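Per chain, numbering begins at 1; letters A, B, ... match sequence-line order. Model, not experiment: these values are computed from the prediction.
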Number of protein chains: 4
Amino acid sequence: MPQQPSPRPELPPLRDSHSTLNQIKARIAAFNDARDWGQYHSPRNLAMATAVEAGELLALFLWSKDEGPQPPISSRQASVQEEAADVAICLLNFCQQSGIDLASAIEKKLARNAVSYPEDLVRGRMEKYNEYHHPGPGARKSPDTSASDPEVSSPE
Amino acid sequence: MPQQPSPRPELPPLRDSHSTLNQIKARIAAFNDARDWGQYHSPRNLAMATAVEAGELLALFLWSKDEGPQPPISSRQASVQEEAADVAICLLNFCQQSGIDLASAIEKKLARNAVSYPEDLVRGRMEKYNEYHHPGPGARKSPDTSASDPEVSSPE
Amino acid sequence: MPQQPSPRPELPPLRDSHSTLNQIKARIAAFNDARDWGQYHSPRNLAMATAVEAGELLALFLWSKDEGPQPPISSRQASVQEEAADVAICLLNFCQQSGIDLASAIEKKLARNAVSYPEDLVRGRMEKYNEYHHPGPGARKSPDTSASDPEVSSPE
Amino acid sequence: MPQQPSPRPELPPLRDSHSTLNQIKARIAAFNDARDWGQYHSPRNLAMATAVEAGELLALFLWSKDEGPQPPISSRQASVQEEAADVAICLLNFCQQSGIDLASAIEKKLARNAVSYPEDLVRGRMEKYNEYHHPGPGARKSPDTSASDPEVSSPE
């Protein structure tokens with residue numbers, strides 16, 4: 001009696017507790033390769049897709065209240081997980097196509113944020129780094145420059 | 001001779017090749033805890049922040065061309081890494097506050113996408129799953145329903 | 001004594017009380033024409049720019065509270081106006097390049113939304129139209145279809 | 001013989017050629033008032049909705065090519081109009097709740113952009129204003145400040 005061919009080897013489950021970003025990236029890459037989607041996956045297009053998915057995640061939280069359930073409709077919980085996954089899939093795909101080691105980039109950004117947001121200055125506060133009034137001569141020069149400098153993007 | 005106090009233990013570097021999502025999440029949580037930012041970190045607020053950061057990433061790719069460099073201005077490369085990190089930081093923070101195992105959610109979403117986008121049907125194509133014309137009786141019923149059903153969000 | 005040439009005729013002020021969308025569109029088009037920016041203004045690129053600007057507007061409201069001031073930092077008020085203008089500029093530019101009469105599209109969408117959100121059903125409620133449980137035989141068939149149908153976008 | 005009650009007066013059609021923003025705003029306000037949705041319409045919530053709708057508009061243009069049709073699937077054209085309308089509805093609603101005269105804000109922003117993007121400097125170019133290398137003493141001081149100053153938003 002002939003055995004059924006097993007077309008794909010069993011893959012280990014992905015879990016936050018033991019999966020590395022490289023392992024997750026590889027799973028996403030295999031999915032795309034099987035569909036020949038690499039032709040669409042320029043960094044710009046994947047940045048677009050990431051923004052689209054982040055908007056879909058945000059949509060699930062529209063009109064919620066500070067003190068109420070989030071998402072505000074409990075039956076959306078499964079969709080929340082799916083949209084969070086979509087954002088991650090697009091972002092990891094983006095990083096792969098752009099040659100970015102995401103874990104390393106996160107580490108660098110946290111280090112940079114630690115300078116922009118010194119613990120003692122910002123504890124419990126939510127202003128942007130350029131909205132704090134730094135006292136004394138050690139302060140960042142012209143901290144409000146970029147606050148009054150709108151982030152316009154030409155050519156709009 | 002007294003030793004200098006070492007205020008923080010040396011942390012192992014974060015890298016895609018060996019860092020798990022739990023390790024990265026822990027690093028982000030420590031950063032936030034030190035600033036008492038948990039009070040701002042509701043799921044809705046973190047979904048907002050994720051969308052904001054995804055928009056900042058996208059901004060770096062505005063006006064680029066299919067065949068040209070992406071990002072279109074090479075000096076933006078460092079900002080690309082930072083914005084990608086910002087999206088990831090907000091998303092991982094969101095997952096932590098929402099109790100989502102992101103790696104597991106990615107695995108489930110890839111499995112679901114594999115059904116929505118069968119390899120033989122979609123190879124090399126870019127339509128959404130509900131824009132394919134499924135032939136025959138095995139087809140998804142009313143595949144165009146949601147295409148003609150705008151994703152409006154009340155109360156707008 | 002020669003008079004200084006007046007390089008541009010005085011333009012009438014733009015105001016919500018009397019400016020039509022065509023008048024505003026014309027002002028934006030003149031700005032772009034003077035900079036030869038039409039080459040960048042494909043519908044896709046302008047949709048990208050609109051999303052980017054909407055993200056910048058949203059950024060000003062991050063971490064605000066339901067009952068607190070919005071934006072949460074009062075000095076951001078001027079930036080709010082600028083970012084709202086940026087969204088509008090990109091969207092009107094998009095409509096012009098896409099041949100969309102925006103006022104007419106708004107009218108049609110409100111009519112459509114009036115069907116999706118009947119006053120008596122939705123008064124004071126915030127669910128999406130497909131999350132209401134329509135009673136009886138006149139109900140929309142399978143109202144939950146698209147709720148359980150994630151808006152995935154291939155090829156992600 | 002009793003006359004049928006005419007529940008609503010006939011409203012004049014909205015068109016870009018003759019509708020003012022105040023007329024469009026009034027139509028949107030009437031729609032919302034009839035549903036008692038004002039309770040959800042804080043500026044933050046409407047900024048969220050604007051970003052969500054801008055993402056839905058962008059989704060229709062995913063994976064399109066510079067030289068190909070935009071949107072890439074022609075049957076999406078009706079959805080493009082609807083999503084453009086949704087962005088406008090949310091933005092106008094936002095402006096009404098925030099006390100912003102949008103036409104006036106657009107006029108001011110174009111004037112400001114005219115300074116940031118002088119015609120002779122930027123003609124046919126797509127860099128952001130802070131990426132131009134201004135020659136000579138008349139140049140903006142420290143034009144690259146905000147380019148190297150990432151737009152981080154605390155508390156992320």
_From NZ (A:K108) to CG (B:L14), nearest 0.5 Å_ = 12.0 Å

*Using modelled atom types only, decide if a donor and an acceptor are shared between the side chain of B:Q70 and the backbone of A:R44 within a distance under 3.5 Å.*
yes

*Please flag which part of A:L58 lies under 4.5 Å from any non-hydrogen atom of chain B: side chain, backbone, both or neither.*
both

_Return the CG to CD distance between A:D36 and B:E119, rounded to the nearest 0.5 Å._
11.0 Å

*Measure distances from A:D120 to the heavy atoms of chain B and classify the residue's part below 4.5 Å as side chain, backbone, both or neither.*
neither

*Side chain, backbone, both or neither: which part of B:L91 has an atom under 4.5 Å from a heavy atom of chain A?*
side chain

_Nearest-0.5 Å distance that lies between atom CZ in A:F31 and atom CD1 in B:I106_ = 13.0 Å

*Do you know which of B:P71, B:S64, B:G124, B:A114 has the most heavy-atom pairs with chain A at a distance under 4.5 angstrom?*
B:G124

*Please flag which part of A:L92 lies under 4.5 Å from any non-hydrogen atom of chain B: side chain, backbone, both or neither.*
side chain

*Grab the two heavy atoms, one from A:A85 and one from B:A105, that are nearest each other, plus how far apart they are.*
CB-O, 3.5 Å

*Got a second to check how far B:Q23's CD is from A:L21's CG, nearest 0.5 Å?*
10.0 Å

*Flag the pair B:L57 / A:F94 as yes when at least one side-chain heavy-atom distance between them is below 4.5 Å, and no otherwise.*
yes

_Under 4.5 Å from any heavy atom of chain A, what part of B:Q39 do you find: side chain, backbone, both or neither?_
side chain

*If only atom types and distance count, is the side chain of B:D16 paired as donor or acceptor with the main-chain N or O of A:D101 below 3.5 Å?*
no

*Look up atom CD in A:Q77 and atom OG in B:S98, then write down how far apart they are to the nearest 0.5 Å.*
7.0 Å

_Using every non-hydrogen atom in the two residues, find where B:A84 and A:L102 come nearest and quote the distance to one decimal._
O-CD1, 3.9 Å

*Nearest heavy-atom pair of A:R35 and B:Y117: which atoms, and what distance?*
NE-O, 2.8 Å

*State whether B:R15 and A:E107 are salt-bridged, where the test is any N-O pair (Lys NZ or Arg NE/NH1/NH2 against Asp/Glu carboxylate O) under 4.0 Å.*
yes

*What part of B:I24 gets closer than 4.5 Å to chain A, counting heavy atoms only: side chain, backbone, both or neither?*
side chain

*Most heavy-atom pairs under 4.5 angstrom with chain B, which of A:G55, A:A88, A:G38?*
A:A88

*If you count heavy-atom pairs under 4.5 Å with chain B, which of A:P72, A:A47, A:C95 comes out on top?*
A:A47

*Would you check if the side chain of B:R123 reaches a backbone N or O of A:A34 as a donor-acceptor pair within less than 3.5 Å?*
yes

*So how far is it from B:L110 CG to A:I89 CD1, rounded to the nearest 0.5 Å?*
4.5 Å

